[in-house]
Q: 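Below are the structure tokens for one structure; questions will follow.
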Amino acid sequence: MPINILFAARPERWAQYETPLTTALSDVGLDYVLKTDLLPEDVDYIVYAPNSEVQDFTPYTRLKAVMNIWAGVEAITGNPTLTVPLTRMVDAEGLTQGMVEWVTGHVLRHHLGMDAHIVNPDHLWQSVAPPLSRERPVTILGMGVLGQACAAALTSLGFPVTGWSRSPKSLPGLANEHGKDGLRRALATAQIVVLLLPDTPETENTLNADSLALLPRGAVLINPGRGPLIDDDALIAALDTGQVGHATLDVFRVEPLPQDHPFWAHPGVTVTPHIASETRPDSAARVIAQNIRRGEDGHGFLHLVDRAAGY
Ligand code: NDP
């Protein structure tokens with residue numbers, strides 16, 4: 001009997017994912033039906049984006065797993081009606097590569113002081129050369145899949161990288177920090193801070209007035225993680241005093257960022273519209289198909305979300 005897979009996401013996603021998923025599911029040798037509407041009681045797997053109409057999983061009585069097509073799971077992990085395994089997107093070829101490129105690009109922008117030359121209306125001959133990367137400490141908050149990949153890229157360019165995570169780690173080539181004291185140490189030396197934490201009750205306002213005050217004056221923030229990681233008001237106050245030199249923000253508490261939000265007009269803020277790294281349908285479809293294949297073969301799912309931890 002074929003396995004029934006429901007694609008539950010906004011309709012425009014179906015156009016992007018139908019062919020890649022069909023190809024990838026066939027390539028792993030599954031006998032399947034893939035549709036955007038199936039009777040709930042017939043569904044074996046849901047390929048899911050959190051803004052889908054499916055919010056109550058109770059009628060899906062034979063569901064084996066939900067495969068989230070995004071890395072972030074804050075909108076689904078707390079759903080009490082979901083009682084089967086939840087996986088999230090981990091895709092070295094697509095999502096991770098995209099994040100490495102975005103983070104490296106924005107770190108280099110600030111490190112090299114590119115803005116001073118790109119936006120130079122008075123044609124000033126500003127001949128101050130930037131320091132070398134080895135003189136520019138970078139701290140990455142969140143040393144999971146994406147944080148570690150970005151750390152590897154930045155380290156390979158010569159930046160001294162400190163990584164901060166929930167659990168202790170000993171990743172070679174980095175300063176490894178965890179816990180509250182570790183956060184203080186990780187911030188105290190950082191000239192550039194990259195946020196790659198998930199949005200959980202524990203990570204909300206990781207950067208607030210107190211923690212922003214720990215940074216060396218003029219430090220730069222780069223947030224492709226999630227909006228709630230930063231206290232917006234505290235950030236604006238820190239930008240206004242010069243404590244924070246610039247903030248490049250890709251993610252916000254409300255998206256799209258409302259037109260009247262002060263971030264849009266603040267000269268110390270660069271807004272990018274949640275584009276740091278998109279899930280790429282071709283490679284993501286292969287990840288999902290291989291994971292369903294593993295489940296069907298009894299090998300256990302990869303990229304499982306720890307529902308208690310929230311990520
Ligand atoms: P992972 O789950 O692999 O890594 C999360 C990291 O955060 C881990 O190192 C974890 O610690 C750490 N962490 C979690 N809670 C805490 C805490 N309370 N204190 C300290 N550290 C903590 O996630 P990914 O790397 O795959 O993704 C990170 C986030 O990036 C996603 O959750 C999503 O929000 C965001 N994202 C944004 C995108 C964009 O386009 N802007 C695209 C993709 C992802 P430990 O290692 O100890 O578990």
Side-chain angles (χ1 to χ4, degrees), residues 49-51 67-78 86-106 139-154 161-171 174-187 193-208 211 221-230 247-257 270-281 283-284 287 302-311:
N51 50 17
M67 326 304 243
N68 200 60
I69 60 174
W70 298 347
V73 290
E74 67 278 2
I76 184 179
T77 187
L86 169 66
T87 70
R88 65 188 198 92
M89 185 48 61
V90 173
D91 173 19
E93 242 185 292
L95 193 67
T96 304
Q97 178 63 22
M99 187 60 81
V100 167
E101 292 179 14
W102 189 90
V103 166
T104 306
H106 284 278
T139 284
I140 301 180
L141 304 181
M143 287 301 286
V145 173
L146 300 177
Q148 289 189 37
C150 291
L154 294 172
V161 175
T162 298
W164 182 71
S165 51
R166 194 164 66 113
S167 54
K169 297 198 191 305
S170 49
L171 299 163
L174 310 179
N176 298 279
E177 296 287 3
H178 73 283
K180 287 208 163 99
D181 286 343
L183 180 63
R184 279 193 275 277
R185 283 190 295 272
L187 294 179
V193 179
V194 179
L195 289 104
L196 277 167
L197 293 162
D199 175 8
T200 71
E202 273 189 44
T203 60
E204 181 163 16
N205 294 333
T206 296
L207 293 187
N208 55 26
S211 50
L221 304 183
I222 299 177
N223 185 15
R226 282 292 183 263
L229 302 176
I230 303 180
T248 293
L249 308 174
D250 184 58
V251 283
F252 305 90
R253 287 168 190 265
V254 177
E255 294 181 6
L257 184 65
T270 299
V271 170
T272 64
H274 202 144
I275 43 81
S277 189
E278 262 198 351
T279 300
R280 314 288 157 146
S283 51
V287 170
L302 298 175
H303 319 314
L304 282 168
V305 173
D306 176 344
R307 303 283 300 281
Y311 67 99

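In listed order, ligands and their atoms are each counted from 1.
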Q: So which protein heavy atom does atom 29 (C) of ligand 1 come closest to, and at what separation?
A: Leu197 O, 3.8 Å
Q: Quick check against the 3.5 Å criterion: does Trp164 have a side-chain atom that pairs as donor or acceptor with the backbone of Gly179?
A: yes
Q: What residue and atom, counting heavy atoms only, is the protein's closest point to atom 35 (C) of ligand 1, and at what distance?
A: Gly225 O, 3.5 Å
Q: What residues, two or more places apart in sequence or in another chain, satisfy side-chain hydrogen bond (donor to acceptor under 3.5 Å, both in side chains) together with Arg253?
A: Glu204, Asn205
Q: Give the atom numbers and elements of ligand 1 that come within less than 4.0 Å of a heavy atom of Ala276.
A: 39 (C), 40 (O), 41 (N)
Q: Where the side chain of Thr77 meets the backbone of Tyr311, is there a donor-acceptor pair that is under 3.5 Å apart?
A: no
Q: Kindly give the heavy-atom pair with the smallest separation between Pro224 and Val103, and that separation in Å.
A: CG-CG2, 4.1 Å
Q: Backbone N or O of Asn208 within a donor-acceptor pair of the Ser211 side chain at under 3.5 Å?
A: yes
Q: Only heavy atoms count here, so choose which of Arg226, Gln148, His303 is nearest to atom 34 (O) of ligand 1.
A: Arg226
Q: Enumerate the atoms of ligand 1 whose separation from the nearest heavy atom of His274 is less than 4.0 angstrom.
A: 39 (C), 40 (O), 41 (N)
Q: Is the side chain of Asn223 donor-acceptor paired with the backbone N or O of Leu249 at a distance under 3.5 Å, no angle test?
A: no
Q: Do Val145 and His303 come within less than 4.5 Å of each other through their side chains, counting heavy atoms only?
A: no
Q: Report, in ascending order of atom number, the atoms of ligand 1 lying under 4.0 Å from any heavy atom of Ser277.
A: 39 (C), 40 (O), 42 (C)
Q: Look at atom 47 (O) of ligand 1 and find which of Gly142, Ser165, Ser167, Gly72 reaches it with the closest heavy atom.
A: Ser167
Q: Judged on heavy-atom distance to atom 15 (N) of ligand 1, which of Leu196, Thr96, Thr203 sits nearest?
A: Thr203
Q: Please report which non-hydrogen protein atom sits nearest to atom 46 (O) of ligand 1, along with the residue it belongs to and the distance in Å to one decimal place.
A: Lys169 NZ, 2.6 Å
Q: Report yes if the side chains of Ile275 and Asp250 come closer than 4.5 Å at any heavy-atom pair, otherwise no.
A: yes
Q: Quick test of your reading of the structure: of Pro198, Gly144, Gly147, whose heavy atom lies closest to atom 7 (O) of ligand 1?
A: Pro198
Q: Which ligand 1 atoms, with their elements, are less than 4.0 angstrom from a heavy-atom of Ala71?
A: 43 (C), 44 (C)
Q: Looking at Met143, is its backbone amide N or carbonyl O close enough to the side chain of Gln148 to form a donor-acceptor pair, meaning the two atoms are under 3.5 Å apart?
A: yes
Q: Using atom types as modelled and distance alone, determine if a side-chain donor or acceptor of Thr203 lies under 3.5 Å from a backbone N or O of Pro198.
A: yes
Q: Starting from atom 30 (O) of ligand 1, find the nearest protein heavy-atom neighbour and note its residue, name and distance.
A: Leu146 CD1, 3.8 Å
Q: Please check whether Glu202 reaches ligand 1 - meaning an N/O of the residue sits under 3.5 Å from an N/O of the ligand, judged on distance alone.
A: yes
Q: So which protein heavy atom does atom 48 (O) of ligand 1 come closest to, and at what separation?
A: Tyr311 OH, 2.6 Å
Q: Is there a donor-acceptor contact under 3.5 Å from the side chain of Arg307 to the main chain of Val305?
A: no
Q: Specify the protein heavy atom at minimum distance from atom 1 (P) of ligand 1: its residue, its atom name, and the distance to 0.1 Å.
A: Arg88 NH2, 3.3 Å
Q: Using a 3.5 Å cut-off on N or O atoms only, is Val145 in polar contact with ligand 1?
A: yes
Q: Under a 4.0 angstrom heavy-atom cut-off, which atoms of ligand 1 come close to Asp250?
A: 39 (C), 40 (O), 41 (N)
Q: Counting each atom of ligand 1 from 1 as listed, which ones have a heavy atom of Pro224 under 4.0 Å away?
A: 35 (C), 36 (N), 37 (C), 38 (C), 39 (C), 41 (N)
Q: Examine ligand 1 and decide if any of its atoms is less than 4.0 Å from a heavy atom belonging to Trp70.
A: no
Q: Of all the non-hydrogen atoms in the protein, which one sits nearest to atom 38 (C) of ligand 1, and at what distance?
A: Met99 CE, 3.4 Å
Q: What are the atoms of ligand 1, with element, lying closer than 4.0 Å to any heavy atom of Val251?
A: 41 (N)
Q: Please confirm whether the backbone N or O of Ala186 pairs with a side-chain atom of Thr139, one donor and one acceptor, at under 3.5 Å?
A: yes
Q: Any side-chain to backbone donor/acceptor pair from Thr279 onto Ile69? Under 3.5 Å, distance only.
A: yes
Q: Which residue owns the protein heavy atom closest to atom 21 (N) of ligand 1, what's the atom, and how far is it?
A: Arg166 N, 3.0 Å
